[in-house]
Structure formats: C-alpha cells, structure tokens
Amino acid sequence: GEDVKRFMVIVGQTFGQLDQALVGMRPSDEKVVNLTFPSDFEEGSEWAGKMMECSLRLESLSRVEIPEADDAFAQTYGHSTIDSLKELIRSQLRANREQIVDEIVTERLFAELLKASRVEVPDNMWESVYQARLEEIEEEQERRGSTFEALAAAQNLSVEELRERIRAEAEEQVKRALLVRDVAKQENIELTEDDIAFQVRRFAA
C-alpha cells in the first residue's frame, strides 16, 4: 500500500528541501528523508502542505547539453558563419522591440483619437463584426474539444458577461477602423474596402 509516484524533477525548479535531498545522489541511489511539501505542490495535490517521510530513489539523471555557438552550429540554420546568424537574431530582436513600441504608441494614439473624435457607428456594422467574432470563438473552442461556456468559466465570467465583452470589443474595433478611414479621407489617402476590412481584422486579432 505504498504511495509511489515517479516524476521528472528539474533541480532548482521544485522546492528547496527536495533539491537539497537530491544533491549528490547518483542513478539507483536511494535515501529516506522527511520532506514538507509546499502548499502549491503540483505533482500530487494530496501531498500539498504535508510533512512526510519519503523514500527517494533516483532512477536516472540527465543534463541539457547546449551546443557550441560556432560556424558549424550556424550552418545548421543555413548561415555560413556564427556572426551572420547572430546579426540576423539581433535584427529580429530589434524588429520585435520596435513592433512592440509601435503597438503601444498606436494603442495610446487610438485611445486619444477616440476620446477627441465623435465616431458614428451604425449598429448593424459592429453587430455583424460581433456575430462573426462570436462564431470564430465558438468554432475555435469546438476544435479544442471545449465550449464557449468553459471559456467563460476559465475567465471567471458568466456566458452573458463574456458575450458583452466581445460585443464591446467589436464596437471598439469598428470605431477604430472608421477612424482610420476618416483620417485617411482628411489626409487624401486612398483606402479600399479591403484596407478597412484588414484594419477590423487586425484590431480583432
């Protein structure tokens, strides 16, 4: 009737007492130790917060091998030298950082513009965006073997509250798209229906 569990432990990512107990152990070594499991111990919730005498057996020991950052490593990624691979990574990191900054600036700009503007949105326009978004979310949940109700519960919302949130987001998305159109008109920038649809989709994403 022993309670035996086997699980992978990453030293430094479990809890202090267990890490200490594992130090110096080799594969097949066994030892008996008293362990107080933290209240958020995940591997077996019935152990959480309890102090128990535990028999530890180390089945196997592994370590992560990090490859040498040399030209041979770069060639596996289609680059002749490590320097050219590093430069690509740097430029991608810079681009990501710039995109994040752009998004923050865009968010603030839209917030200010919407405050200062009066954007008239026909109900049927944002209602159709809301219905489309609702269907997308329901289909996505179905693909995952889940439901809209489960998604609402995971966010501590009722189904109606989640619908209200999606409805409000739809109205915001349409307002933003119309704002883009109005600014474009004022600045004499040609915008097609596809451009406006793209804006709505981008904000929805």
Side-chain angles (χ1 to χ4, degrees), residues 7-8 10 12-15 37-49 77 87-205:
F7 49 85
M8 188 178 80
I10 300 173
Q13 291 184 28
T14 49
F15 61 98
F37 290 83
S39 56
D40 59 352
F41 186 69
E42 292 172 9
E43 293 293 344
S45 56
E46 74 273 21
W47 296 4
Y77 287 88
E87 190 42 52
L88 173 72
I89 293 166
R90 276 194 203 98
S91 68
Q92 285 177 343
L93 287 173
R94 276 196 297 270
N96 285 348
R97 189 180 59 201
E98 283 162 14
Q99 185 185 347
I100 289 164
V101 169
D102 279 352
E103 282 170 8
I104 291 167
V105 170
T106 303
E107 278 300 313
R108 289 185 182 164
L109 181 62
F110 269 115
E112 291 305 312
L113 275 171
L114 283 170
K115 250 192 274 177
S117 310
R118 186 182 167 87
V119 183
E120 292 296 337
V121 184
D123 283 356
N124 61 343
M125 191 181 218
W126 65 263
E127 191 65 38
S128 63
V129 172
Y130 160 64
Q131 289 298 339
R133 186 75 188 109
L134 207 53
E135 280 168 30
E136 272 174 29
I137 291 169
E138 283 170 347
E139 281 166 16
E140 190 183 329
Q141 289 307 301
E142 209 173 296
R143 276 199 305 276
R144 292 178 174 182
S146 183
T147 62
F148 189 83
E149 287 75 14
L151 179 66
Q155 297 180 34
N156 291 323
L157 297 171
S158 69
V159 167
E160 198 40 56
E161 282 169 338
L162 181 55
R163 285 201 178 117
E164 275 307 314
R165 180 185 286 182
I166 296 163
R167 190 179 275 117
E169 284 169 1
E171 189 169 6
E172 175 86 356
Q173 288 150 20
V174 171
K175 277 184 179 175
R176 285 181 175 206
L178 292 177
L179 198 53
V180 168
R181 186 195 62 185
D182 292 347
V183 170
K185 244 186 227 166
Q186 287 167 28
E187 298 300 320
N188 291 321
I189 302 166
E190 284 297 318
L191 271 187
T192 67
E193 287 301 314
D194 284 347
D195 292 327
I196 294 168
F198 168 75
Q199 288 297 339
V200 172
R201 280 199 304 277
R202 192 169 79 82
F203 299 137

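Heavy atoms only: backbone and side chains are in, while hydrogens, waters and symmetry mates are out.
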Participant: Which pair of heavy atoms, one from Arg133 and one from Ile166, lies closest together, and at what distance?
Facilitator: CG-CG2, 3.8 Å
Participant: Could you report the tightest heavy-atom contact between Ala48 and Ser39, atom names first, then the distance?
Facilitator: CB-O, 3.3 Å
Participant: Got a sec, which pairs hit salt bridge (Lys or Arg N to Asp or Glu O under 4.0 Å) with one end in residues 144-154, sequence neighbours left out?
Facilitator: Glu140-Arg144
Participant: Distance from Glu138 atom CD to Phe148 atom CZ, nearest 0.5 Å?
Facilitator: 6.0 Å
Participant: Among residues at least two apart in sequence or on other chains, which ones pass ring-ring contact (aromatic ring centres under 6.0 Å, His included) with Phe37?
Facilitator: Phe15, Phe41, Trp47
Participant: Look up atom CZ in Arg167 and atom CD in Gln131, then write down how far apart they are to the nearest 0.5 Å.
Facilitator: 7.5 Å
Participant: side-chain hydrogen bond (donor to acceptor under 3.5 Å, both in side chains) with Arg163: which residues, sequence neighbours excluded?
Facilitator: none
Participant: Please name all residues satisfying side-chain contact (heavy atoms from CB on, under 4.5 Å) with Gln155, sequence neighbours left out, ordered by chain then number.
Facilitator: Leu151, Leu157, Leu162, Arg165
Participant: With sequence neighbours excluded, tell me which residues meet side-chain hydrogen bond (donor to acceptor under 3.5 Å, both in side chains) with Glu135.
Facilitator: none
Participant: How would you list, by chain and number, every residue that makes a side-chain hydrogen bond (donor to acceptor under 3.5 Å, both in side chains) with Glu142, sequence neighbours excluded?
Facilitator: none
